[in-house]
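Some notes on the structure that comes next.
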Amino acid sequence: MAGVLLSEAEKTFILHGVQSDLRNDGRSRQDYRPIELELDIVTHANGSARVRLANTDVLVGVKTEIDVPKPEKPEEGKVEFFVDCSANATPVFEGKGGEELATEISNFLASSFASSMSFDLKTLCIIKGVQCWKLYVDILILECGGNLFDAVSLAVKAALHNTMVPRVETVAMDGGNVDLQLSGDPYDCWRLDTKNMPCLVTLSKIGEHFIVDSTAEEEECSMASLVFSVTDGGRLNSLCKTSVGSLHPHTLAEALKVGVDVGVRLNKALDQALAREDRRLEADKPERFGFLK
Amino acid sequence: MPSDNRRIQGPEVSSPYCLFQSGNKNVDVHSGRSEVLSSRKDSRKFMEHRKIYLKTGVVSQAKGSAYVEFDNTKVICSVFDPREIPNRIEYSQHGELFCVFKFAPFSCLTRRAHQQDAQEKELSLCLKRALEPAVCRHEFPNFQVDIYVMVLENDGGSLAAAITCAGLALADAHVPMYDLVTAASLGVTGDKLLMDPVEEEESLCQNPNKENQNHGLITVALMGAHTQVTQMWQTGSMTAACVSDALTHLVQICEETYPIAQRCLVKSVVDTISKKAQ
């Protein structure tokens with residue numbers, strides 16, 4: 001992905017490490033690297049979050065705008081995911097270089113949030129068939145150190161948790177025109193229900209084993225990787241094989257169990273972190289860290 | 001995105017008329033549910049695949065081509081000679097596949113645009129990932145093979161049909177391969193599994209009926225001789241047990257369609273030889 005060059009000997013070293021359940025940074029196969037999470041860091045966005053997963057850095061901003069619902073779904077709002085693989089992360093992304101990866105991530109996110117059980121778009125409706133909220137979820141990849149899918153999904157879920165949608169006070173239909181009155185108080189907002197929203201878990205197969213949270217070097221050694229989108233309750237919202245290589249059906253079935261198990265734990269950890277962040281923000285003077293520490 | 005002004009553009013915003021028809025199935029998805037749960041409209045069994053028609057060598061000017069029909073789902077695919085990867089400076093050790101998946105403008109209930117939309121881009125990538133493991137890419141380093149898939153008519157399972165079709169077209173184009181790829185799709189709604197759903201059943205599977213109900217679609221591509229899953233793509237929301245159950249059914253169906261694809265290739269070889277003998 002990021003164009004890491006590894007020799008055969010280095011690859012064998014990583015492979016042997018995975019075999020003996022001790023990776024070259026000291027983790028076991030199912031350990032994540034330390035994750036940093038910060039909420040509400042962009043003032044102009046309705047919700048924002050930054051996730052740093054060791055060397056992977058992702059910034060997500062959510063903007064809300066008013067739009068007309070789709071004619072086939074008159075009572076639903078809209079949500080769109082945009083991924084920007086900026087050349088800041090790696091020169092490979094320069095020009096159209098990051099486009100394929102960006103569409104892959106944004107499409108996968110869209111299909112994982114598509115189920116109405118995870119994200120009920122009906123809550124974003126203002127007037128049926130006439131007006132609705134549209135959420136623009138913009139994902140900026142600042143640094144790319146492996147395991148982009150997981151980091152992006154954590155940041156997206158956190159940013160959506162942080163999103164404040166302004167409350168509509170009155171709606172009047174004047175002829176064919178809609179007259180919206182929003183609350184004058186900028187803090188008079190409601191928040192989205194993120195309980196059932198999924199997190200993504202990438203499992204990479206190195207040798208005979210699956211590992212979570214692979215570094216860029218490990219991604220280079222992996223023959224096949226699977227991305228799962230798992231909700232809090234252990235349900236699968238989306239699943240896709242993302243790299244070159246194929247898997248035996250038995251291996252796939254085993255990976256399924258591991259993926260769901262890891263996903264449930266990841267969701268739990270994120271929920272705790274979000275609650276902690278909320279408490280910190282609610283305190284009178286929230287301690288401000290540097291934007292990019 | 002630059003607009004294509006050589007084509008006659010429709011009005012900026014238009015909506016399909018079927019939304020306004022009475023008894024519109026898009027608005028009232030749940031009406032057909034109880035019917036589907038008892039039996040299927042085309043009187044198939046729940047685990048029965050539609051009839052498959054395969055043909056290779058349909059486009060004379062392409063290096064290889066194939067045509068696949070799953071009843072009303074019709075897909076055509078052309079594969080062209082390897083060429084150097086455009087706009088690439090560094091040397092790539094493995095050859096690349098360049099896949100374009102496109103719905104014909106008239107193939108679906110609503111009109112599709114001429115330019116690829118997000119869904120088509122996603123399906124293109126899925127197709128590429130499904131074919132990559134089957135092709136001996138080290139045989140043509142620094143070259144790419146172009147694969148163009150066009151869905152002429154979509155009645156569900158177009159990705160599965162496209163993967164099978166592209167696999168056959170690659171073989172027909174004499175691209176070195178480890179194995180043929182066949183694919184199948186399956187819909188889940190509640191505790192019912194529907195093999196190879198038609199479009200109506202697909203839209204039924206995309207909407208949950210009540211809370212905590214399994215729903216969604218799964219497509220699996222398989223290399224039959226090696227029993228290797230080359231692609232698995234699931235959407236919706238379901239439990240892991242449901243997914244692995246569906247996986248076993250899908251692998252079984254893919255293995256059943258594998259000999260059909262083989263026979264189709266054998267037939268095309270026999271035809272070519274007998275033509276040359278004349």
Side-chain angles (χ1 to χ4, degrees), chain A residues 3 68 70-75 80-81 92 95-97 99-101 103-104 106-108 110-112 114-118 196 198 223-224 226 228-231 233-261 263-264, chain B residues 13-16 18-20 24 26-27 87 90 94 110 118-119 121-126 128-130 132-134 137 178-179 181 206-208 211-216 218 220-223 226-245 247-248 250-251:
Chain A
V68 181
K70 289 184 201 145
E72 63 267 28
K73 284 167 184 164
E75 46 195 18
E80 259 184 60
F81 298 92
V92 186
K96 283 194 167 183
E99 211 172 68
E100 190 178 323
L101 182 68
T103 24
E104 189 173 9
S106 55
N107 284 332
F108 196 78
S111 60
S112 356
S115 170
S116 58
M117 282 159 58
S118 297
N196 288 321
M223 274 315 287
L226 288 162
F228 301 84
S229 121
V230 188
T231 64
R235 297 173 71 86
L236 271 168
N237 270 17
S238 203
L239 189 173
C240 199
K241 192 211 74 171
T242 54
S243 60
V244 204
S246 55
L247 296 162
H248 194 274
H250 286 302
T251 328
L252 237 169
E254 271 169 42
L256 262 172
K257 280 181 213 143
V258 180
V260 171
D261 186 41
V264 170
Chain B
V13 186
S14 61
S15 43
C18 42
L19 292 171
F20 305 98
N24 174 10
N26 266 337
V27 170
N87 309 323
E90 74 265 36
H94 293 283
T110 55
Q119 190 204 2
K121 279 190 187 148
E122 185 180 17
L123 292 172
S124 301
L125 199 63
C126 261
K128 182 181 165 186
R129 299 271 188 247
E132 266 174 345
R137 296 189 305 137
Y178 296 108
D179 200 353
V181 187
Q206 272 156 358
N207 297 287
E211 277 300 299
N212 290 326
Q213 199 197 32
N214 286 339
H215 65 102
I218 309 176
V220 163
L222 185 87
M223 293 199 282
H226 297 92
T227 339
Q228 288 278 312
V229 177
T230 61
Q231 178 61 298
M232 179 163 183
W233 189 57
Q234 178 245 330
T235 53
S237 174
M238 54 188 87
T239 56
C242 177
V243 177
S244 51
D245 187 29
L247 179 66
T248 18
L250 279 164
V251 167

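By convention in this document, chain letters (A, B, ...) are assigned in the order of the sequence lines, proteins followed by strands, and residues within each chain are numbered from 1.
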A side-chain contact here means heavy atoms from C-beta on lying under 4.5 Å apart; do Thr248(B) and Pro249(A) qualify? no
The residue among Lys121(B), Lys128(B), Arg129(B) that forms salt bridge (charged side-chain N to carboxylate O under 4.0 Å, His left out) with Glu104(A) is Arg129(B)
Criterion side chain to side chain contact (heavy atoms under 4.5 Å, CB included) on Gln231(B) and Cys240(A), from CA distance to verdict: CA-CA 7 Å; Gln231(B) 178 61 298; Cys240(A) 199; 4.1 Å; yes
Any side-chain donor paired with an acceptor under 3.5 Å for His215(B) and Ser115(A)? yes
Among Lys70(A), His250(A), Glu100(A), Lys257(A), which residue has the highest count of heavy-atom pairs closer than 4.5 Å to chain B? Glu100(A)
Scored by heavy-atom pairs under 4.5 Å with chain B, the best of Val260(A), Leu252(A), Thr103(A) is Leu252(A)
Could you measure the distance from the CG atom of Asn207(B) to the CE atom of Met117(A)? Nearest 0.5 Å is fine. 12.0 Å
Region of Val251(B) that comes under 4.5 Å of a non-hydrogen atom in chain A: side chain
Please classify the contact between Ser243(A) and chain B as side chain, backbone, both or neither, with a heavy-atom cut-off of under 4.5 Å. backbone
Walk me through it: do Ser111(A) and Thr235(B) pass the test side chain to side chain contact (heavy atoms under 4.5 Å, CB included)? CA-CA 6 Å; Ser111(A) 60; Thr235(B) 53; 3.9 Å; yes
I'd like to know if the side chain of Ser237(B) pairs up with that of Arg235(A) as donor and acceptor (distance under 3.5 Å, no hydrogens or angles considered). yes
Heavy-atom pair count under 4.5 Å with chain B, highest-scoring of Thr231(A), Thr251(A), Thr242(A): Thr242(A)
Inter-residue atom distance Leu239(A).CG - Ile218(B).CD1, 0.5 Å rounding: 8.0 Å
Could you state the interatomic distance from CD (Gln234(B)) to CG (Asn237(A)), rounded to the nearest 0.5 Å? 7.5 Å
Ranking Val243(B), Leu222(B), Val220(B) by heavy-atom pairs under 4.5 Å to chain A gives rank one to Val243(B)
Between CG on residue Leu256(A) and OG1 on residue Thr239(B), distance to nearest 0.5 Å: 10.0 Å
Ala240(B) and Leu236(A): which non-hydrogen atoms are nearest, and at how many Å? CA-CD1, 4.2 Å
Value rounded to 0.5 Å, distance of CG in Leu125(B) from CG in Leu101(A): 9.5 Å
Between the side chains of Lys241(A) and Glu132(B), is the shortest nitrogen-to-carboxylate-oxygen separation below 4.0 Å, so that they form an ion pair? no
